[in-house]
Amino acid sequence: PMQQQKRQPELVEGNLPVFVFPTELIFYADDQSTHKQVLTLYNPYEFALKFKVLCTTPSKYAVVDATGAVKPQCCVDIVIRHRDVRASYYGVIDKFRLQVSEQSQRKALGKKEIIATLLPSAKEQQQQKEEEEKRIKEHLAESVFFEQTLCQPENRTASSGPSLLTVFLGIVCVAALMLPTLGEMESLVPLYLHLSVNQKLVAAYVLG
């Protein structure tokens, strides 16, 4: 009793981490070797664990040793066979739940869910994967191409930059030249101004 009282706070129901690999099972209809899969349950703890395997659709699967025990710091393999391979089950997600408890207790200390899926073909899956990768590569190539086409006008604007700059400088110069001539005869300002703009337009045209 004393030992149980000491352990009680440590082993809270449902909080014990469960270490199982893999956490996803994929069965391929056209590959018989995948119809049998192995789950490995690890026990890193100082005490032995009892385990139980539950399933949302037990009629589809045969679980070899659905209940058992794992010694401290050991592991155990749980074999799961898919025994109802048919097209109507393709892509359906089933779930297994692995429950563990301490050997002296009935309460489940921890649990882990494992997803199981039946797919029509490993080859098809590989093709889909390859097609997806190809699409990604093509998309990347397109985006690089678009970036290049976008860059070209930028280069053009860069080359025509000086003419824009000249025009801007011309306007600034005209504005600056106008300031001192405000108190003088007004007829001189338009003449000077027209001349400056024409000069700048010619310069812009030549540079452009």
Side-chain angles (χ1 to χ4, degrees), residues 1-140:
M2 287 296 286
Q3 280 185 328
Q4 278 190 341
Q5 280 178 347
K6 281 180 185 176
R7 284 182 177 183
Q8 207 66 35
E10 185 188 333
L11 302 175
V12 182
E13 187 179 351
N15 283 357
L16 192 78
V18 177
F19 299 94
V20 64
F21 182 83
T23 53
E24 185 178 7
L25 301 174
I26 298 174
F27 301 88
Y28 294 106
D30 69 344
D31 187 352
Q32 285 250 303
S33 65
T34 68
H35 295 184
K36 186 179 87 171
Q37 305 254 355
V38 177
L39 280 178
T40 306
L41 173 63
Y42 299 88
N43 179 9
Y45 304 107
E46 300 291 325
F47 48 88
L49 288 175
K50 284 191 299 185
F51 70 85
K52 186 192 285 183
V53 182
L54 306 167
C55 184
T56 51
T57 47
S59 59
K60 283 192 201 177
Y61 304 94
V63 182
V64 181
D65 301 325
T67 58
V70 203
K71 290 174 186 174
Q73 293 172 350
C74 288
C75 64
V76 69
D77 286 342
I78 302 157
V79 178
I80 295 171
R81 281 197 182 91
H82 203 304
R83 60 183 185 188
D84 197 358
V85 174
R86 61 174 91 171
S88 58
Y89 292 150
Y90 292 168
V92 176
I93 294 169
D94 298 318
K95 286 180 183 177
F96 287 93
R97 178 178 284 175
L98 196 61
Q99 284 187 349
V100 299
S101 56
E102 198 196 359
Q103 285 210 305
S104 60
Q105 294 183 335
R106 287 186 179 181
K107 291 174 182 175
L109 293 173
K111 59 182 184 287
K112 189 86 169 182
E113 285 197 346
I114 296 103
I115 290 168
T117 319
L118 175 68
L119 295 175
S121 168
K123 287 173 189 172
E124 273 183 37
Q125 193 70 8
Q126 188 60 34
Q127 280 176 345
Q128 281 179 355
K129 199 177 174 185
E130 282 171 9
E131 279 173 23
E132 187 63 30
E133 283 173 4
K134 194 180 170 187
R135 275 202 297 272
I136 290 165
K137 281 177 186 174
E138 281 174 2
H139 176 69
L140 286 171

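Residue indices begin at 1 and follow the sequence shown.
- Minimum heavy-atom separation, Ala48 to Pro72: N-CG, 3.6 Å.
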Please walk me through it: do Thr57 and Asp84 pass side chain to side chain contact (heavy atoms under 4.5 Å, CB included)?
CA-CA 11 Å; Thr57 47; Asp84 197 358; over 6 Å; no

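- The distance from the CD1 atom of Ile78 to the CG atom of Asp65 is 8.5 Å, given to the nearest 0.5 Å.
- In this structure, Phe27 and Tyr61 have tilted ring planes: the angle between them lies in the 30° to 60° band.
- Residues Leu25 and Asp94 are not in side-chain contact: their nearest non-hydrogen atoms beyond the backbone lie 4.5 Å or more apart.
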CA sep, side-chain torsions, deciding dist, call: Leu41, Val100, side chain to side chain contact (heavy atoms under 4.5 Å, CB included)
CA-CA 10 Å; Leu41 173 63; Val100 299; 4.2 Å; yes

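- One N or O on the side chain of Asn43 and one on the backbone of Val70 form a donor-acceptor pair closer than 3.5 Å.
- Of the inter-residue distances, the one linking Gln37 atom CD with Ile80 atom CD1 reads 8.5 Å to the nearest 0.5 angstrom.
- Within 6.0 Å of atom OH in Tyr90, more than 12 heavy atoms from other residues, nucleotides or ligands are found, so the atom counts as buried in its surroundings.
- Contact detail for Ala108 and Ser101: the closest heavy-atom pair is CA-CB, 4.2 Å.
- For Arg83, the CZ atom sits in a packed shell: over 12 heavy atoms of surrounding residues, nucleotides or ligands are nearer than 6.0 Å.
- Looking only at side-chain heavy atoms (C-beta outward), Lys50 and Thr67 stay at 4.5 Å or farther from each other.
- The side-chain heavy atoms of Gln73 and Glu46, taken from C-beta on, include a pair separated by under 4.5 Å.
- Proximity of His82 to Lys60: side-chain heavy atoms (C-beta onward) are separated by under 4.5 Å at one or more points.
- The minimum heavy-atom distance between Ala29 and Leu118, with the atom names listed, is N-CD1, 4.0 Å.
- The distance from the CG atom of Leu98 to the NZ atom of Lys52 is 11.5 Å, given to the nearest 0.5 Å.
- In this structure, Leu54 CG and Glu113 CD are separated by 10.0 Å, a value rounded to the nearest 0.5 Å.
- Arg97 places no side-chain N or O within donor-acceptor distance of the main-chain N or O of Thr56, the cut-off being under 3.5 Å.
- The two atoms that bring Val18 and Lys112 nearest to each other are O-CD, 3.7 Å, heavy atoms only.
- Looking at Ser121, its side chain never comes within 3.5 Å of a backbone N or O of Asp30 through a donor-acceptor pair.
- Atoms NZ and OG1, on Lys95 and Thr117 in that order, are 11.0 Å from each other to the nearest 0.5 Å.
- One distance of note links CD1 of Ile26 with CG of Asp31; it measures 12.0 Å at 0.5 Å rounding.
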